[in-house]
Amino acid sequence: MTDSLTAHQAGDARARLVDALVRTGDEDRGAFRDLYSLTSAKLFGICYRICGERQAAEDVLHDVYLTIWKRAGAYEPHRASPITWLATIARNRAIDWRRAQGVRRSTPIEDAPPIADEAPLASDTMLADEASHQLHGCLEHLEQRQREAIRTAFFDGVTYAELAERQAVPLGTMKSWVRRGLARLRECLEG
């Protein structure tokens, strides 16, 4: 009973997020406010983890929402979950910022100062649980080197060049591992 209730709640939260994102694509400012309130804590966390600095993460988050406002009309609900689509934008913007700085993060995330409100939104928790369970199940079906490269790149914010250096392989090889792994991951998530 609890699992079906949780799945139902996760489905409702996802539907609300899809609706807010689609309406944002139609330039609905109220929907954009809803989208912000549903996702800002999670997206800030992604930016902060990659940037390593609170002010930089706030600046990057601002750019993330400008990008979302401009690109929301291109979101296709049948191609990706809304939180995945949004998190990808946040991750890419944060990595772009980091590359522009030309420095590597020196403070481990465990040593970072706490974010003001550490309690996640219920909708974020449900979406994360649903997506996490499915994602981790699909990740286990990948080759070990692909799985590790994808986890490190997307969960730790490490660039392809850094991954290639760590594994002592050419950059093109690392990109191929990740690209093929992501293709297999997409097939698993869509299937």
Side-chain angles (χ1 to χ4, degrees), residues 6 9-21 24 31-72 75 77 80-101 103-139 147-160 162-163 178 181-182 185-186 189:
T6 303
Q9 290 171 332
D12 287 348
R14 178 187 165 115
R16 270 196 352 254
L17 194 52
V18 168
D19 178 62
L21 189 52
T24 297
F32 187 59
R33 276 191 296 276
D34 293 343
L35 183 69
Y36 181 85
S37 69
L38 289 170
T39 62
S40 60
K42 175 153 185 85
L43 299 185
F44 176 78
I46 292 168
C47 294
Y48 188 74
R49 185 175 60 238
I50 295 171
C51 295
E53 300 174 19
R54 184 174 185 81
Q55 184 61 51
E58 290 172 358
D59 292 345
V60 169
L61 187 65
H62 177 78
D63 290 342
V64 166
Y65 279 100
L66 286 175
T67 301
I68 291 168
W69 177 254
K70 291 175 187 174
R71 293 188 188 168
Y75 171 68
S81 79
I83 200 67
T84 301
W85 191 80
L86 296 165
T88 300
I89 291 172
R91 177 188 174 277
N92 290 343
R93 287 284 179 229
I95 288 175
D96 289 346
W97 176 87
R98 210 167 120 202
R99 285 180 180 148
Q101 302 312 302
V103 295
R104 296 179 187 213
R105 178 176 63 208
S106 59
T107 305
I109 191 68
E110 298 83 24
D111 298 337
I115 298 173
D117 183 7
E118 296 180 15
L121 297 174
S123 60
D124 286 343
T125 302
M126 289 182 284
L127 287 171
D129 287 347
E130 173 192 5
S132 178
H133 180 71
Q134 185 179 13
L135 176 63
H136 288 289
C138 288
L139 276 169
R147 180 175 52 247
E148 289 175 4
I150 290 171
R151 280 187 172 147
T152 306
F154 289 90
F155 297 142
D156 296 339
V158 176
T159 65
Y160 293 134
E162 291 169 331
L163 278 171
V178 173
L182 288 175
L185 195 58
R186 180 179 296 126
L189 291 171

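Bear in mind the structure is a predicted one, so any value in this text is a computation, not a measurement. Below, each value reflects all heavy atoms present in this structure, side chains not excepted, and no hydrogens, waters or symmetry copies.
Between Ala153 and Leu163, the shortest heavy-atom contact is CB-CD1, 3.6 Å. Taking each heavy atom of Phe44 and Glu58 in turn, the nearest pair found is CE1-CG, 3.7 Å. Counting all heavy atoms, side chain and backbone alike, Asp34 lies closest to Ala20 at CB-CB, 4.4 Å. Nearest heavy-atom pair, Ser81 versus Arg14, reported as atom, atom and distance to 0.1 Å: CB-NH1, 3.1 Å. The shortest non-hydrogen separation linking Thr39 to Ile83 is CG2-CD1, 4.2 Å. Here the shortest heavy-atom pairing between Cys51 and Ala56 reads CB-CB, 4.1 Å.
Judged by distance alone, with hydrogens and angles left aside, the side-chain atoms of Tyr75 form a donor-acceptor pair with the main-chain N or O of Ala80 at under 3.5 Å. Within the 3.5 Å criterion, the main-chain N or O of Gly52 finds no donor-acceptor partner in the side chain of Arg98. Without hydrogens or angle criteria, Tyr65 side chain to Phe32 main chain gives no donor-acceptor distance under 3.5 Å.
Residues Leu21 and Trp85 meet the side-chain proximity criterion, which asks for heavy atoms closer than 4.5 Å. Residues Leu61 and Tyr48 form no side-chain contact, since every pair of their non-hydrogen atoms from C-beta on lies 4.5 Å or further apart. Side-chain contact check for Leu43 versus Ile68: some heavy-atom pair is nearer than 4.5 Å. Using a 4.5 Å cut-off on side-chain heavy atoms (C-beta onward), Ile50 and Val60 make no contact. Between Ile46 and Val64 there is no side-chain heavy-atom pair separated by less than 4.5 Å.
In this structure, Leu86 CG and Leu17 CG are separated by 6.0 Å, a value rounded to the nearest 0.5 Å. Rounded to the nearest 0.5 Å, atoms CG (Asp19) and OG1 (Thr24) are 9.0 Å apart. Taken from CD1 in Ile89 to NZ in Lys70, the straight-line distance is 11.5 Å, to the nearest 0.5 Å.
Shown here is Tyr36, whose OH atom has no more than 12 heavy atoms of other residues, nucleotides or ligands within 6.0 Å.
For the residue pair Arg93 / Thr67, a side-chain donor-acceptor distance below 3.5 Å is found, with atom types taken as modelled.
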